[in-house]
Every structure is written in C-alpha cells, then in structure tokens.
Amino acid sequence: MTTVYAPDFKPGEAQFLSTTFPQYQKNLGTNFPVEGLAFDAAADEAAFWSFDAISYGSGNLTLDIEWYADTASSGAVVWEAAIACITSNTDTQDVETKAFATAQSTTTSHLGTTGQRVHRSTITVSNLDSIAARDDVWLRIKRLGSNGSDTMTGDVILIRATISYSDT
Amino acid sequence: MALDATNRFRTFAQFMRDQTSFITGLTKPDLTAAIAATDDWCDANQTSFNNALPAAAKAMPLAFKSLLLAYVVMRRAGVLHAREDG
C-alpha cells in the first residue's frame, strides 16, 4: 500500500465563481515572494481546483491546507472542503451542473507566538462521491468566515493545499 | 438610533478589512462586542454630544453631527489625511 499525493493545489491555479471568492495575492517577502489566496474574515469565500484521481484505490482522502493569518495571532479558522467526481465515458452527468458531495470541515486554532506563521489544517474527506481511479475530480475549499466558530480576525491566506489517498 | 444587526456586522467586516494593523490581538467576538459597545455609547450619549455643540452646529442635521464626530475621531486616530498634510 502506498500513499499517493496529487499535485499541489497552488493559489495561482485556483478557479472561482462570479462572487464570494478569495483575493489572489503575491506578497513580496523579505527574501522571496509568497503567493496566496486571502480569505475574508466576514464571508464564506471559496476556491476551486480540479485533478485526476490517479491510482486511487480506496478510503478517505486527506486534504492538508497550508495557511497563515495575515494579522491575527489568536482565534480559530473554520475550513470546509468538498469534492465532485465524474468518471469519463461512464457517467452521464452534465459536467456543468454536477453538484458537490456533502462538505466536511475542520476548525484550527492559531498557534500564537509569531505572526504570519504557517499552519496546517487537515480535513478528512469522507464524502467521496463514488470516487474511482482516473476520475475527474473537482475540489472546493472554503473558509466559513460566517461560522460562529471562526473567531480569527482578518484574512487567512492559503499558500498551498495537498490531497493524498491510498492506492489500494 | 443605534445601528441594526446588519449595519453593525458590516461595520465589523469593513473595520477588519481596513484596519489590519489594529486587529492582531483581537478575536472576532472581541471586535463584535467593541463595535456594539461603541454604537451603544453613541446612542446613550447622543443628547450630551448635541448639547456640547455650539448653536449653529446643533441646528444641523443628524448626519452632519455624526460626520463631525467621525472626522474629529479619525483625525485623533491618525487616519484622516488632509490636503495640508502633503
């Protein structure tokens, strides 16, 4: 059994709907630029990526979201994720009206100590929409800024996300 | 009259977007409570503020008086930039 990692979901490759989407940013750090998606604190903004479920075997997906708080050093952020899967040549679903499976969420507290430190939030994606190997998969990552458990002020900046799963 | 829930929320949301340097040590509940308290204070002290104004200003509409207070407070906070500042 091997853990397969899909290619990183990078901020510059994200897609968005017409409203409630995070702002793409390239922050010029002291030594290197930091690319990110800035999710507003007071709204539920979403970003989308797609990938090929290469070598998917079975079981839940593990989604790791790397992020940092733009200004906060306390409080918690609520992340939500959902997938939508289509088996080409088999599924008759219209791709442009395909719905996501039920979302999953996680709440992560700021670790404090240092501003703009990088955190990792992990979501176990258990609503798999009948995913199969080589499926076309759409991933939605959302910050639930309107959720009462999301107490972190200011933007939360996503710098990378990764999905992994078992090949057996 | 105090802001309703929608307007308090929008004040809260925009404050976070505009005043990023001030919100580092606050959580959303902290800021929400502060905005509510400020709005309540404005409501409770509206009469005393009005009475403190000279006659000409006292006769102006409520919107003028609100802006008057806002401009003075923003200048005290260092966020009101005047043309004369260069």
Side-chain angles (χ1 to χ4, degrees), chain A residues 19-29 34 36-46 67-80 105-119 121 142-158, chain B residues 1-46 49 62-82 85-86:
Chain A
T19 60
T20 56
F21 49 84
Q23 181 185 39
Y24 173 82
Q25 291 184 343
K26 185 169 71 174
N27 293 304
L28 299 179
V34 179
L37 295 175
F39 287 79
D40 192 86
D44 297 345
E45 296 180 333
W67 57 273
Y68 68 95
D70 188 28
T71 54
S73 58
S74 62
V77 61
V78 179
W79 291 106
E80 179 195 89
S105 64
T106 191
T107 302
T108 308
S109 295
H110 198 289
L111 295 171
T113 308
T114 309
Q116 299 190 330
R117 62 181 293 179
V118 178
H119 295 70
S121 293
K142 186 186 288 190
R143 176 186 182 183
L144 300 182
S146 66
N147 189 296
S149 297
D150 189 309
T151 58
M152 192 174 294
T153 54
D155 287 351
V156 170
I157 300 175
L158 181 153
Chain B
M1 193 165 63
L3 296 174
D4 62 15
T6 297
N7 282 297
R8 283 189 176 185
F9 172 79
R10 292 184 181 182
T11 302
F12 154 81
Q14 200 59 40
F15 189 96
M16 282 194 291
R17 296 178 191 121
D18 293 342
Q19 306 304 330
T20 56
S21 62
F22 287 111
I23 59 176
T24 300
L26 292 176
T27 64
K28 286 189 200 173
D30 292 338
L31 183 59
T32 300
I35 285 172
T38 301
D39 190 38
D40 288 340
W41 180 90
C42 289
D43 225 39
N45 291 277
Q46 187 173 320
F49 173 61
L62 179 60
F64 167 85
K65 298 174 196 177
S66 297
L67 284 168
L68 182 65
L69 177 61
Y71 267 64
V72 170
V73 172
M74 282 196 296
R75 186 68 185 184
R76 288 162 67 100
V79 297
L80 176 63
H81 181 83
D85 295 329

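Below, chain A is the first sequence line, B the second, and so on; all start at residue 1. Here the structure is a predicted model, which means the values were calculated and not measured.
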Checklist entry - Going from CG on A:Asp150 to CG on A:Asp44, what distance comes out if it is rounded to the nearest 0.5 angstrom? => result 8.5 Å
Checklist entry - Which bit of B:Phe9 comes within less than 4.5 Å of chain A, counting heavy atoms only: side chain, backbone, both or neither? => result side chain
Checklist entry - Counting distance only, does the side-chain N/O of A:His110 pair as donor-acceptor with the main-chain N or O of A:Tyr68 below 3.5 Å? => result no
Next on the checklist: Once you measure the plane-to-plane angle for A:Trp67 and A:His119, does it fall in the parallel (<30°), tilted (30-60°) or perpendicular (>60°) bin?
Outcome noted: parallel
Checklist entry - Checking B:Arg17 against chain A: side chain, backbone, both or neither under 4.5 Å from a heavy atom? => result side chain
Checklist outcome for this item: chain B shares the most heavy-atom pairs under 4.5 Å, among A:Gly75, A:Ser73, A:Gly148, with A:Ser73
Next on the checklist: Quick one, A:Asp155 with A:Arg143, criterion salt bridge (Lys or Arg N to Asp or Glu O under 4.0 Å). Give me CA distance, side-chain angles, the key distance, then yes/no.
Outcome noted: CA-CA 10 Å; A:Asp155 287 351; A:Arg143 176 186 182 183; 5.4 Å; no
Checklist outcome for this item: Assert top hit (heavy-atom pairs under 4.5 Å, partner chain A, pool B:Pro29, B:Ser21, B:Ala13) equals B:Pro29
